[in-house]
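Here the structure comes first, spelled out in structure tokens, and everything after it is commentary.
Position 1 is the first residue of the sequence, and the numbers go up from there. The structure displayed is predicted, hence computed values, not measured ones.
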Amino acid sequence: MNIPKTHPRYKSLLMREKLVEALDKGILAKAGLIAHGRGECFDYLLGEKTTKYALKSIKVAAAMLVLAENPIISVNGNTVALALDEVVELAKELNGKIEINLFYRTKEREKAIFNEFLKKYREDINSGKLKIFGVKDVNYQIPNLDSLRGKVSKDFYEADVVLVPLEDGDRTEALVKMGKKVISIDLNPLSRTARYSTVTIVDELTRALPLLIKYVREFKNRDKDYLEELIKTYNNKDNLKDILKYISKRLESIEL
Ligand code: ATP
Ligand code: MG
């Protein structure tokens with residue numbers, strides 16, 4: 001479909017288009033479309049922009065990723081459909097590790113997603129700059145998680161900080177119980193993912209990732225004390241409460 005740039009909802013339509021294409025290519029599960037729709041609704045409530053509260057959590061997340069010994073980014077179909085390049089860019093600023101983890105896991109989807117990385121980033125993969133896990137190497141099991149999403153690679157299992165954009169609540173809870181620091185990106189401040197995560201970035205994925213990349217780059221040059229202080233003074237539950245207040249005030253004052 002050719003969406004005119006002048007359309008008032010151009011960005012949103014473009015994202016939908018990308019998801020439909022990803023569905024046709026076998027990257028996205030049908031339920032991924034529904035998940036996106038639920039996110040869109042929350043984005044309306046937030047005013048479709050990065051709030052100062054989201055920015056605060058982005059900075060804390062960046063600090064955590066920079067200080068991590070062994071971070072990894074977990075991706076699903078929606079993330080690959082909307083932000084493949086940004087995820088790769090961020091991974092390359094860190095240790096290059098990305099894990100494919102699918103809620104609706106099939107061999108075909110795994111392969112389709114792996115091929116998306118291979119098509120664009122073959123050189124980085126061959127040179128070892130980029131390492132894609134979660135396909136043939138899922139020999140480890142996250143405790144207390146029965147679904148197929150509990151199967152992970154050794155690298156994911158051993159990671160200390162995990163960035164899980166668009167995660168599911170059950171898995172977030174299980175990962176936190178394992179002692180991992182879990183950073184999620186989720187437009188819904190009320191989801192179980194949002195409430196269980198160590199740091200929840202309540203923002204749209206494609207808005208949040210470029211900012212996260214920017215701060216990771218910047219924080220690599222900051223001293224450890226500064227980054228540790230940022231993390232120490234942050235409280236995720238308070239941040240979520242601030243966001244709920246922000247939404248409710250915004251709705252009360254809206255002019256129709
Ligand atoms: P939980 O499992 O955490 O309790 P849920 O079951 O309601 O939450 P899921 O179906 O697991 O939600 O995930 C969908 C969620 O992903 C949406 O509610 C939305 O907040 C989030 N989401 C979807 N697309 C995006 C996006 N592009 N950017 C940020 N968040 C998104
Ligand atoms: Mg869920």
Please evaluate residues Glu252 and Lys249 with respect to the criterion salt bridge (charged side-chain N to carboxylate O under 4.0 Å, His left out), reporting the C-alpha separation (whole Å), side-chain torsions for both, the decisive distance (0.1 Å), and the verdict. CA-CA 5 Å; Glu252 270 174 38; Lys249 269 200 200 147; over 6 Å; no
| field | Distance-minimising heavy-atom pair for Gly169 and Tyr196 | value |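 In terms of heavy atoms, the two residues are closest at O-CD1, 3.6 Å.
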Are [X] and [Y] packed together at the side-chain level, in the sense that at least one heavy-atom pair is separated by less than 4.5 angstrom?
X: Leu166; Y: Asn76; result: yes
X: Ile201; Y: Asp186; result: no
X: Ser74; Y: Thr79; result: no
X: Val161; Y: Leu65; result: yes
X: Ile243; Y: Thr200; result: no
X: Leu28; Y: Leu33; result: yes
X: Glu40; Y: Arg16; result: yes
X: His36; Y: Met15; result: yes

side-chain contact (heavy atoms from CB on, under 4.5 Å) involving [X] - partner list, sequence neighbours excluded:
X: Tyr215; value: Leu55, Ile58, Lys59, Ala62, Glu218, Phe219
X: Asp225; value: Asp223, Glu228
X: Asn139; value: none
X: Tyr121; value: Leu84, Asp85, Val88, Asp124, Leu130

CA sep, side-chain torsions, deciding dist, call: Ser153, Glu99, side-chain hydrogen bond (donor to acceptor under 3.5 Å, both in side chains) = CA-CA 8 Å; Ser153 71; Glu99 168 118 346; 2.6 Å; yes
Who pairs with [X] by salt bridge (Lys or Arg N to Asp or Glu O under 4.0 Å), at least two apart in sequence or on another chain?
X: Arg195; value: none
X: Lys214; value: none
X: Lys97; value: Asp155
X: Glu17; value: none

Please determine whether residues [X] and [Y] belong to a single hydrophobic cluster, defined as Ile, Leu, Val, Met, Phe, Trp and Tyr linked transitively by side-chain heavy-atom distances below 4.5 Å.
X: Leu240; Y: Val199; result: no
X: Leu94; Y: Ile100; result: yes
X: Val80; Y: Val20; result: no
X: Val87; Y: Phe103; result: no
X: Met64; Y: Leu211; result: yes

Nearest 0.5 Å, please: how far is [atom2] in [Y] from [atom1] in [X]?
X: Arg250; Y: Thr51; atom1: CZ; atom2: OG1; result: 11.0 Å
X: Ile27; Y: Asn78; atom1: CD1; atom2: CG; result: 11.0 Å
X: Glu173; Y: Thr193; atom1: CD; atom2: OG1; result: 10.5 Å
X: Ile213; Y: Glu89; atom1: CD1; atom2: CD; result: 4.0 Å
X: Tyr246; Y: Leu45; atom1: OH; atom2: CG; result: 11.0 Å
X: Ile185; Y: Leu163; atom1: CD1; atom2: CG; result: 5.0 Å

Between [X] and [Y], is there a donor-acceptor pair closer than 3.5 Å when you use the side chain of the first and the backbone of the second?
X: Asn95; Y: Pro71; result: yes
X: Lys151; Y: Asn101; result: no
X: Arg217; Y: Glu93; result: no
X: Asn188; Y: Gly39; result: no
X: Ser57; Y: Ala54; result: yes
X: Asp238; Y: Asn235; result: no
X: Lys49; Y: Leu46; result: no

Arg207 atom CZ, over 12 foreign heavy atoms within 6.0 Å: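 Correct, the count exceeds 12.
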- Task: Would you indicate whether Lys18, at its atom NZ, is surrounded by more than 12 heavy atoms from other residues, nucleotides or ligands within a distance under 6.0 Å?
- Result: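 No.
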Which residue in the set Asp203, Leu90, Leu82, Ile73 passes side-chain contact (heavy atoms from CB on, under 4.5 Å) when paired with Leu209?
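Per the side-chain contact (heavy atoms from CB on, under 4.5 Å) rule, the option paired with Leu209 is Leu90, out of Asp203, Leu90, Leu82, Ile73.
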Notebook entry, point to check: Under the 4.5 Å side-chain heavy-atom rule for ILVMFWY, direct or indirect, which residues accompany Leu190?
Noted result: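 Under the 4.5 Å side-chain rule, Leu190 groups with Leu244.
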*asked:* Which residues end up grouped with Phe133 if you chain together Ile, Leu, Val, Met, Phe, Trp and Tyr wherever their side-chain heavy atoms are less than 4.5 Å apart?
replied: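 Phe133 shares its hydrophobic cluster with Ile72, Tyr140, Ile142, Leu145, Val152, Phe156, Tyr157, Val162, Val164, Leu175, Val176, Met178, Val182.
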After noting the C-alpha distance and the side-chain angles of Tyr234 and Asn239, does the key distance pass the side chain to side chain contact (heavy atoms under 4.5 Å, CB included) rule?
CA-CA 8 Å; Tyr234 176 80; Asn239 196 251; 3.6 Å; yes
Both conditions, 6.0 Å and 45 degrees, for the charged tip of Arg222 above the ring of Tyr226: are they met here?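 Satisfied, under 6.0 Å and within 45°.
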Only one of Arg192, Arg149, Lys177 forms a salt bridge (charged side-chain N to carboxylate O under 4.0 Å, His left out) with Asp170, so which one is it?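 Among Arg192, Arg149, Lys177, the one that satisfies the salt bridge (charged side-chain N to carboxylate O under 4.0 Å, His left out) with Asp170 is Arg192.
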Name every donor-acceptor pair, under 3.5 Å, that has one atom in a side chain of residues 110-119 and the other anywhere in the protein, sequence neighbours excluded.
from: Glu110; atom 1: OE1; to: Lys107; atom 2: NZ; distance (Å): 3.4
from: Glu110; atom 1: OE2; to: Arg105; atom 2: NH1; distance (Å): 2.4
from: Asn115; atom 1: ND2; to: Lys111; atom 2: O; distance (Å): 3.4
from: Glu116; atom 1: OE1; to: Lys25; atom 2: NZ; distance (Å): 3.4
from: Glu116; atom 1: OE2; to: Lys119; atom 2: NZ; distance (Å): 2.9

Please tabulate, for side-chain N and O atoms in residues 4-13, each donor-acceptor pair with protein atoms closer than 3.5 Å (sequence neighbours left out).
from: His7; atom 1: ND1; to: Arg9; atom 2: N; distance (Å): 2.9
from: Arg9; atom 1: NH1; to: Glu48; atom 2: OE1; distance (Å): 3.2
from: Arg9; atom 1: NH2; to: Glu48; atom 2: OE2; distance (Å): 2.6

